[in-house]
Amino acid sequence: MHSRLLSFVIPVSMFAVLIACLGLGSAGAQPALQPTVDIAQVPAAAQPSPNFNADAATQAYMAMIPPAATARSDAYFEGGYWLLLWDFLYSSAICLVLLNLRWSARMRNLAERLSRFRPVQTFLYWLQYALLTFLLGFPLEFYESFVREHKYGLATQTFGPWMGDEGKSLMLSLVFGGLAAVLLFAIVRKLRKTWWLWGSLAVFILAVITVAAGPVFLQPIFNKVTRLNDPKVTEPILRMAHANGIPANDVYQIDASRQSTRISANVSGFANTMRITLNDNLLRRGSPEEIQAVMGHEMGHYVMNHIPKFLFFLGVVILVSFAYLHWGLRWALGRWGARWEIREANDPAVLPLAALMAGVLFFVLTPVMNTVTRTQEKEADMFGLNASRQPDGFAQAAIHLSEYRKMRPGPLEEWIFFDHPSGYDRIHSAMVWKGSNLELFDKMPSQPAAH
Ligand SMILES: [Zn+2]
């Protein structure tokens with residue numbers, strides 16, 4: 001047992017040294033390319049006038065983004081398309097290594113030697129599996145969420161705090177992933193024919209608990225969430241919330257600048273855990289109009305029940321993936337089970353195979369998942385315009401978001417890769433809205449008196 005543990009510890013510590021070297025050598029942060037004009041100034045073509053034209057107004061806003069900034073965010077966002085592929089291929093390769101080199105079988109054997117209780121065996125298997133996949137997956141994770149984020153000026157963390165967050169995620173995965181694995185394998189063992197039905201129900205319930213508990217219990221592990229006390233900011237937001245039937249009395253702030261320069265906001269949880277959260281980047285960089293436009297969008301998610309609806313959709317996806325696993329695991333184990341030394345679906349060593357199969361399914365489902373999300377985001381955009389009546393604030397937000405999203409993709413590109421409407425589409429919707437509500441804007445040139 002000890003020599004086995006040792007053979008595990010040595011590569012782990014070598015890996016830690018390698019990671020530390022990579023961290024020291026990583027490139028310094030580059031500042032984001034800011035627009036050189038004040039985006040809170042409404043451009044001439046977007047000013048209310050009898051000749052207001054939504055296309056021209058949209059172009060005027062688009063022209064505020066420096067070409068160099070567009071080139072950079074296009075490169076960042078398009079790089080993300082390739083990362084989808086590399087992530088898929090890389091994690092599939094890890095699963096195949098674990099299966100074909102029988103590392104998975106060995107981890108199970110070790111777990112079985114350490115305990116004779118099935119749930120404990122499953123938990124021990126999970127600890128090894130989660131640690132090993134974390135280590136093997138680390139190079140790509142390091143590039144993707146540290147090196148690359150710094151290269152594009154989006155990250156604010158040095159290596160130490162970033163690694164600290166990675167460590168926290170790993171700990172959460174070890175504990176909660178382990179408990180989930182114990183539960184799921186107990187179901188597979190006890191209900192040999194119907195495990196896929198009950199297993200999908202269990203995963204669905206876990207997903208609901210995570211969504212409900214996440215903002216209150218998980219988010220504070222990584223970031224400080226505080227009540228926002230500035231009435232200049234909270235008062236218009238709460239007024240808009242009450243006007244739209246949202247029972248919120250507080251607005252929260254999260255110190256997202258600890259990790260990133262991105263602006264963002266969200267309405268999270270449901271029922272008692274529902275809360276409106278603004279990130280401090282939005283608070284610092286956004287004009288009051290922009291903040292209200294963004295909050296109107298977030299409130300749309302709440303009023304239109306997007307979280308429960310998405311969970312329902314997710315429930316269907318989970319059920320389909322468990323049916324597919326039920327069929328797929330049996331097929332694959334029938335062919336290669338003996339070679340991988342995996343007995344059947346209730347053997348924890350099957351986990352890399354299940355992860356591989358789920359990875360294939362979700363890779364193929366990427367455009368579907370994105371389209372479901374993007375459709376909700378579009379709905380929230382329209383709700384937000386109606387609720388906040390801040391089309392120019394909305395356009396400003398789209399410009400800020402252009403720091404990490406491509407502004408003007410092709411239609412197919414948008415359908416496959418975008419989980420939000422494109423920036424161009426968002427500004428255009430805002431300008432169409434403005435053009436249809438010109439009477440709300442007091443800067444209208446004087447009209448012939450009607451009275
Ligand atoms: Zn949204």
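From a predicted model like this one, the values you see are computed outputs, not experimental measurements. Both counts, for ligands and for their atoms, begin at 1 and track the order of listing. Starting from 1, each residue takes its place in the sequence as its number.
- Looking at His297, its N, O or S atom nearest to the Zn ion (ligand 1) turns out to be NE2.
- Between the CZ atom of Phe88 and the CZ atom of Phe363 there is a distance of 5.5 Å, given to the nearest 0.5 Å.
- For the Zn ion (ligand 1), the nearest N, O or S atom contributed by Glu377 is named OE1.
- Checked against a 6.0 Å centroid threshold, the rings of Tyr404 and Tyr76 do not count as neighbours.
- Closest approach of Thr373 and Phe310 over heavy atoms only: OG1-CE1, 4.0 Å.
- The Zn ion (ligand 1) has no N, O or S atom of His306 closer than 2.8 Å.
- Going from atom OG1 of Thr375 over to atom CG of Asn370 covers 10.0 Å, rounded to the nearest 0.5 Å.
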